[in-house]
2 protein chains.
Amino acid sequence: MTTGPEVPANRTATLTDVAKLAGVSIATASKAINGRGEVRATTRVRVLEAAELLSFAPNALARGLLSGRTGTVGLLTSDLEGRFSIPILMGVEDAFGAGQVSVFLCDARGDAIREKHHVRALLSRRVDGLIVVGSRTDPRPPLAGNIPVPVVYVYAPSANPDDISITVDNVGGGQLAIEHLLSCGRRNIAHITGEAGFQAARDRADGAAAALAAAGLRMIGHRPYFGSWDESWGRAAAHMVVEQHPEVDAIFCGSDQIARGVLETLRDLGRDVPGSTSVIGFDNWDAVAAHSRPRLTSIDMNLKRLGAVAGQRLFAAIDSATAPSSEEFPGRIVIRESTVPIG
Amino acid sequence: MTTGPEVPANRTATLTDVAKLAGVSIATASKAINGRGEVRATTRVRVLEAAELLSFAPNALARGLLSGRTGTVGLLTSDLEGRFSIPILMGVEDAFGAGQVSVFLCDARGDAIREKHHVRALLSRRVDGLIVVGSRTDPRPPLAGNIPVPVVYVYAPSANPDDISITVDNVGGGQLAIEHLLSCGRRNIAHITGEAGFQAARDRADGAAAALAAAGLRMIGHRPYFGSWDESWGRAAAHMVVEQHPEVDAIFCGSDQIARGVLETLRDLGRDVPGSTSVIGFDNWDAVAAHSRPRLTSIDMNLKRLGAVAGQRLFAAIDSATAPSSEEFPGRIVIRESTVPIG
């Protein structure tokens, strides 16, 4: 091995540096590093040792141009500030492994024009695939135009059944919540939830109604209390429910924020939770559920897993044409102190 | 213009397609699109029209290899789940403009090994620069190894003064909070805050003490109540403060979550907010501050602007060697119903 010059501290090592240090031609160094067979094993070892010594990172760009793959993926969100994108995004990253695949993050801010710009930029960077994360569970229009790479829609499904969509089973989530309250011995259950315009609100309410019907019961008030997703609605609706239906012994809330408002009103009214009334939330948002008083039982949508599955499906679709599929994943219940079996 | 073949629906247009449609050679089409001068103006217009017609997106990868710039930037966070990364990230994106520069997002999850992996992968993708977003305001070690591109540290400064760091003025934030309470006529002010091990907690407390001293006052209890950043601590500490110092007429809280716990305890104790006691939070976290009862006055750290400035500084550093700089940006107060001037 010749003693080649050191790489100056202010630049990264190139293939030329590696070839020099290993005492081989650039062509040979390239073949050795790319694992093509026409290089003797001893030469290959020498080149790889030199590469290691120089911290040589093969130029991913140049590799991408040759292989037709770039090892990059575009992640298009519409609502980074919302709480749902982040765990999904972390799940995607877990699926790809640190540094194996790099993720371009684009936030369209709910703007279709901006989304188009982003998609065009991502395609011009030759991403191998796209993951589109919705901010609500209503089906969304598929990406416009001619998309030459696989696309996976997550949280919000594509309205086109020929696309690949990964979603949460909100009907099942509503059932889970009610079944837990029933198994705690509750029979007079109200449902306070968000805007009826949201598929998520309707699905959770449908699941709740079905689980009650299966037990021969109906919701308190005979319908869900649709309103908004925040605490103020939770406070107001809880007042109304308790006044009109003092027999209520459990409240299933469509979000943890609503549940938080419900807890406040019940405390104001001197109703003990979970003693006289059980409360269950939805989302398992740690900042709310784990710090309210009492701490809140809630349905967790397993968003990190959802993101990981989306990453896996995208990988599969990049590797080989995959059949379109719509997959729905169940949530799980996280039990804390706001629900308890009654003696 | 010859009528070239249409591009099949399942692939993106290539330079060859554009050249065919414009009736010129591939070399000429390339020169026309890259804006090099050796092409007649009429030919250039014809090529650009063809490119527009075919939605031709020039291959950013190939362009990057030629120019030495890729138009990509790596954004390295350590805590995506924390609330602070996201607005910073959105600010960075705003600074770069949709699709102008693409951002690789990497979450190191607070793990130094993972961070190293990510940095190596980003460098192998030839990013033009890196933005490192911290999850707390304590100085962090600079990125290890030989980084051949500019780096901007944001929220958490680099421990190396030769780096470019963009941070929040937490001392000033503490001052802002106290000055507002003083101008509301409050004199007996307590400070309940998070862990003393956090620079942010110490800085805010120092700012508060300085503003009180300037008015000839001291904190209730003569020291900050350090504890943890959550509601439970806010509830417990408020009980203690009111019991030991019933004269307290205002509480400055180190976070909105602490403030929320303080509000709950004051209500439980029958103390009117803001009538008898003013409460101010820190972070202006909408989910808490805008929905608590009463709604919470809070200090906003302008994190989106912080991210935008980081993006601008990185741009400048990519364009030309910039001098190292440490810049601190002030927060602002957002006044809601939990503070009010007393008659």
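Numbered from 1 within each chain, the chains take letters A, B, ... in sequence-line order.
- Inter-residue side-chain proximity for A/C106 and B/E93 is flagged as met; some heavy-atom pair is nearer than 4.5 Å.
- B/E264 places a side-chain heavy atom less than 4.5 Å from the side chain of A/R267.
- In this pair, A/F104 and B/F104 present their aromatic rings parallel. The plane angle is below 30°, not in the 30 to 60° band.
- Per-residue heavy-atom pair counts under 4.5 Å with chain B were compared for A/G261, A/A287, A/G74, and the maximum is reached by A/A287.
- Counting only heavy atoms from C-beta outward, the side chains of A/H291 and B/R260 never approach each other to under 4.5 Å.
- With a threshold of 4.5 angstrom between heavy atoms, B/K116 does not approach chain A through any atom at all.
- Between B/L75 and A/L105 there is no side-chain heavy-atom pair separated by less than 4.5 Å.
- Side chain of A/R109 to backbone of B/M90: a donor-acceptor contact under 3.5 angstrom is found.
- Neither the backbone nor the side chain of B/D286 comes within contact range of chain A; no heavy atoms are under 4.5 Å apart.
- When atom types are taken as modelled, the side chain of A/R125 and the backbone of B/T70 share a donor-acceptor pair closer than 3.5 angstrom.
- Contact of B/W229 with chain A is not made at all, since no heavy-atom distance falls under 4.5 Å.
- Between A/E231 and B/R295, none of the side-chain N atoms (NZ, or NE/NH1/NH2) sits under 4.0 Å from a carboxylate O, so this pair counts as no salt bridge.
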